[in-house]
Amino acid sequence: MNNKAMTLRENRLLVMPMVLFLLAFLGFPLLADVVYSLSHVTFENLRSPELKGLGNFSDVLADKDFWKATSFSFQFGSVTALVECGLGLFLAVFLSPLLKRRPWLMAILMMPMMAAPALVGLMYRLVLHEFVGPVPFYLWEWFGDSPAFLDANNAIYTLMVIEILQWTPFALLLFHVAYQAIPEDVREAARLDGAKGFRLFFRVELPFMKIALFTALFVRFIDGFRVFDNVYVLTGSGAGGSTTSLSIYVYLAFFKQGNIGKAIAASMLLLLASFLVLFLLNWLSSRNKEAA
């Protein structure tokens with residue numbers, strides 16, 4: 001047996017515990033979810049589900065509330081991911097000289113994302129409360145009027161702002177590391193060729209940060225798309241279901257309606273959508289590597 005074959009065998013043996021762990025703790029629940037999504041199952045017949053084929057999936061796809069929740073989740077995830085990455089990239093470049101001299105400031109900038117999203121939602125629910133919240137109170141005192149931050153018309157924008165304020169530090173950290181990793185000799189060579197300011201950034205520095213940009217956009221979009229805790233604490237499903245995300249839709253179908261099969265079918269569609277987004281981003285990343 002040559003060295004290459006021995007190395008390959010050793011690698012397989014080293015990977016085997018992780019594979020077994022994933023099969024045991026992820027494979028079995030996934031298999032159970034597939035069975036339940038194809039069955040009529042409630043809390044009464046949880047141990048003996050009745051197979052009904054693709055009926056749960058057809059019920060979910062025919063439900064207007066599902067498409068409304070999908071639209072909310074997609075809009076919420078897209079807008080928050082783009083704004084967070086835009087702000088994070090700007091702050092990473094703008095604050096780079098300061099953070100290079102005083103790296104301990106990064107710990108302070110990371111504080112918002114250290115709090116649990118549910119706790120952040122509760123905090124803002126108290127701050128924006130229409131009767132006892134300090135923000136509406138002072139707006140009434142100073143301007144004689146205050147918008148209803150959490151009504152059906154404004155709730156989605158309030159939720160987006162809160163999400164952006166909490167998770168922009170994540171994008172800032174990722175882009176700061178990527179920006180600092182750019183070789184300084186590359187910058188010097190570009191400056192000698194006359195590249196300065198925005199031209200240096202867009203032509204030289206930004207291409208080096210491409211992988212970090214794709215990673216941040218993907219992570220933040222998926223996290224925003226499946227948002228649950230802070231939205232549920234702040235508004236729940238909202239007036240007329242205006243802030244029902246897909247995760248809240250699954251929660252309501254499971255715990256409120258008791259329709260476990262429908263809830264799991266919706267969660268399987270959410271899993272499939274996340275997988276398709278991941279596959280698309282991996283495909284785009286591989287094409288960019290081939291082009292480079």
Side-chain angles (χ1 to χ4, degrees), residues 22-23 25-81 116-118 121 150 152 155-160 162-163 167 217-282:
L22 292 176
L23 288 175
F25 290 93
L26 295 179
F28 176 74
L30 181 61
L31 181 62
D33 285 345
V34 171
V35 173
Y36 282 146
S37 67
L38 299 174
S39 307
H40 172 69
V41 54
T42 63
F43 288 107
E44 297 175 356
N45 66 335
L46 188 60
R47 296 184 178 180
S48 56
E50 303 171 8
L51 288 176
K52 59 180 293 189
L54 299 176
N56 288 323
F57 290 94
S58 62
D59 291 343
V60 170
L61 294 175
D63 190 352
K64 293 181 180 179
D65 291 335
F66 170 78
W67 293 109
K68 190 174 181 179
T70 302
S71 176
F72 173 86
S73 293
F74 184 81
Q75 183 180 358
F76 186 88
S78 301
V79 173
T80 55
L150 300 176
I156 185 171
Y157 305 111
T158 303
L159 293 170
M160 285 179 178
I162 294 171
E163 181 81 358
W167 291 107
L217 278 171
F218 170 71
V219 171
R220 291 312 311 147
F221 173 77
I222 291 298
D223 206 28
F225 188 78
R226 62 178 182 82
V227 66
F228 175 83
D229 32 18
N230 52 350
V231 174
Y232 189 77
V233 170
L234 271 161
T235 60
S237 58
S242 58
T243 60
T244 302
S245 66
L246 272 176
S247 298
I248 293 178
Y249 176 88
V250 172
Y251 169 81
L252 293 176
F254 195 106
F255 290 102
K256 300 295 183 180
Q257 302 170 15
N259 195 340
I260 298 175
K262 181 181 178 181
I264 294 179
S267 67
M268 294 297 290
L269 291 173
L270 177 59
L271 176 64
L272 178 62
S274 302
F275 176 79
L276 289 176
V277 172
L278 176 60
F279 178 80
L280 178 62
L281 287 175
N282 284 334

- Task: Quick one: list whatever passes side chain to side chain donor-acceptor pair (under 3.5 Å) with Thr244, sequence neighbours left out.
- Result: none
- Message: If you compare all heavy atoms of Tyr249 against all heavy atoms of Ala266, which two are closest, and at what distance to 0.1 Å?
- Response: CE2-CB, 3.8 Å
- Give the minimum heavy-atom separation between Asn230 and Val227, together with the two atoms involved. OD1-CG2, 3.1 Å
- Item | Check: Trp67 main-chain N/O paired with Ser71 side-chain donor or acceptor under 3.5 Å | no
- Message: To check you understand the geometry: which heavy-atom pair defines the closest contact between Phe76 and Gly224, and what is its length?
- Response: CD2-O, 3.3 Å
- What are the two closest heavy atoms between Asn56 and Ala265, and how far apart are they? CB-CB, 3.7 Å
- Task: For the pair Thr80 (side chain) and Gly77 (backbone), establish whether a donor and an acceptor sit closer than 3.5 Å, ignoring hydrogens and angles.
- Result: yes
- Message: Show the nearest heavy-atom pair for residues Pro49 and Val41, with the distance to one decimal.
- Response: CB-CB, 4.0 Å
- Task: Measure from the side-chain N and O atoms of Ser73 to the backbone N and O of Leu246, and report whether any donor-acceptor pair falls under 3.5 Å.
- Result: yes
- Task: Please identify each residue that fulfils ring pair (Phe, Tyr, Trp, His ring centres under 6.0 Å) with Tyr36, with sequence neighbours left out.
- Result: none
- Quick one: do Arg220 and Asp223 make a salt bridge, cutoff under 4.0 Å? yes
- Task: Check whether more than 12 heavy atoms from other residues, nucleotides or ligands sit under 6.0 Å from atom OH of Tyr251, and answer yes or no.
- Result: yes
- Message: Quick check: do Thr158 and Thr235 have side-chain heavy atoms less than 4.5 Å from each other?
- Response: no
